[in-house]
Amino acid sequence: RSILRQPWFAAVLLVALAPALHAVATWDLDGRLSSAAYALRHYSYVIVVVEICVTWLALRNNMSVSHVFRELPKGVKMLLALWLVFSLAALFSTTTGFSNAVFTLARYIIHGLFLISMIHLLKAATHMDKRVWLEILSAGTVIYIIILVIFCMLVPKPDDFPWVFRLPSATNIRQIANNAGMLAIAPIALLL
């Protein structure tokens, strides 16, 4: 089987392109933010869709969530269980915005399934080359940075533009790291 047809290759390609896709989807040169555009940025819908696609690839490749979870080191299982406890506590401690809290919890569960899917795809991989894996992720990072630079160069009135709140892929600058952080999950999956 060609490397291009391997599930791990498709997964790493999706992961590498996710921040760039999210940046393009949230491109906003006028500095105005509709409620739909805010939701797209704040809830990272593009990232969630990529994570669901990777999980689907893993399920098509005979992934059993319970089997992958059982094979994780005990310390990692304990950290995941602790994370789940705090997530549920945060969900049920809120008195306002319950639907927002439910969606956020669902998104975190998708993050966890995504990590387990990446681990499964790596374990099931044939002809997996870590160097190719890391080269693809590096290229994705460079593409993302280039998109942000192009955006900065195209803003029509840079002195009046609300930079902190309107860069692509974020509702604030801090969230750029969240989207680029998705790229870090792949090397973590390699380690696990």
Side-chain angles (χ1 to χ4, degrees), residues 3-4 6-58 97 99-115 117-118 121-122 129-191:
I3 192 172
L4 300 175
Q6 297 286 327
W8 69 264
F9 183 81
V12 77
L13 199 57
L14 281 169
V15 170
L17 291 176
L21 293 172
H22 193 55
V24 169
T26 58
W27 192 276
D28 175 29
L29 285 176
D30 65 3
R32 292 187 211 109
L33 198 60
S34 68
S35 57
Y38 177 83
L40 177 68
R41 290 169 180 254
H42 183 70
Y43 295 115
S44 305
Y45 291 140
V46 174
I47 303 298
V48 170
V49 167
V50 167
E51 290 177 339
I52 289 170
C53 288
V54 169
T55 302
W56 176 77
L57 277 170
S99 60
N100 183 46
V102 169
F103 180 79
T104 302
L105 177 62
R107 196 174 70 185
Y108 289 149
I109 289 170
I110 291 169
H111 292 335
L113 289 171
F114 169 68
L115 176 61
S117 298
M118 292 296 285
L121 289 170
L122 284 169
D129 186 348
K130 291 178 186 175
R131 189 187 52 176
V132 171
W133 177 276
L134 295 173
E135 286 171 357
I136 293 169
L137 291 174
S138 298
T141 304
V142 169
I143 291 168
Y144 180 55
I145 291 168
I146 289 170
I147 288 172
L148 292 179
V149 169
I150 290 170
F151 178 87
C152 292
M153 293 171 60
L154 292 178
V155 169
K157 296 179 183 176
D159 293 338
D160 299 329
F161 190 77
W163 291 101
V164 174
F165 300 105
R166 296 297 182 267
L167 277 174
S169 73
T171 50
N172 57 59
I173 290 174
R174 166 185 62 82
Q175 286 182 316
I176 291 172
N178 292 345
N179 295 317
M182 182 183 188
L183 298 171
I185 291 178
I188 289 169
L190 278 172
L191 292 173

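Computed from heavy atoms alone, side chains included, the values below leave out hydrogens, waters and symmetry copies. In what follows, residues are counted from 1 in the order of the sequence shown.
- Taken to the nearest 0.5 Å, the OG1 atom of Thr26 stands 13.5 Å off from the OH atom of Tyr38.
- Under the side-chain contact (heavy atoms from CB on, under 4.5 Å) criterion, Leu13 pairs with Phe9, Leu17, Ile136, sequence neighbours left out.
- For the atom pair OG (Ser44) and NE2 (His111), the distance works out to 7.0 Å, reported to the nearest 0.5 Å.
- In this structure, CZ on Arg107 lies 10.0 Å from CD1 on Ile47, to the nearest 0.5 angstrom.
- Residues satisfying the side-chain contact (heavy atoms from CB on, under 4.5 Å) test with Val46, not counting sequence neighbours, are Leu21, His22, Ala25, Leu40.
- Of all non-hydrogen atoms in Val15 and Leu137, the two that sit nearest each other are CG1-CD2, 3.9 Å.
- Shown here are the side-chain contact (heavy atoms from CB on, under 4.5 Å) partners of Ala58, two or more places apart in sequence or in another chain: Met63, Ser117, His120, Leu121.
- Across Val48 and Tyr43, no two heavy atoms sit closer than the pair CG2-O, 3.9 Å.
- Heavy-atom minimum distance, Tyr144 versus Ala23: CE1-CB, 3.8 Å.
- Summarising the geometry, atom CD belonging to Glu51 is positioned 10.0 Å from atom CG belonging to Leu115; distances are rounded to the nearest 0.5 Å.
- Aromatic ring orientation, Phe103 versus Tyr45: perpendicular (interplanar angle above 60°, classes split at 30° and 60°).
- In this structure Val102 satisfies the side-chain contact (heavy atoms from CB on, under 4.5 Å) test together with Leu91, Phe98, sequence neighbours excluded.
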Hey, can you pull the donor-acceptor pairs under 3.5 Å for the side chains in residues 152-162, sequence neighbours left out?
none

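- In this structure, CD1 in Ile143 is found 12.5 Å from CG in Leu148, a value given to the nearest 0.5 Å.
- Scanning both residues, Ala11 and Leu57, for their nearest heavy atoms gives N-CD1, 3.8 Å.
- Between Phe114 and Ile52 the shortest side-chain heavy-atom distance does not fall below 4.5 Å.
- Atom OG1 in Thr141 sits 10.5 Å away from atom CG in Leu134 (nearest 0.5 Å).
- Side-chain contact between Val132 and Trp8 is present, with at least one heavy-atom pair separated by less than 4.5 Å.
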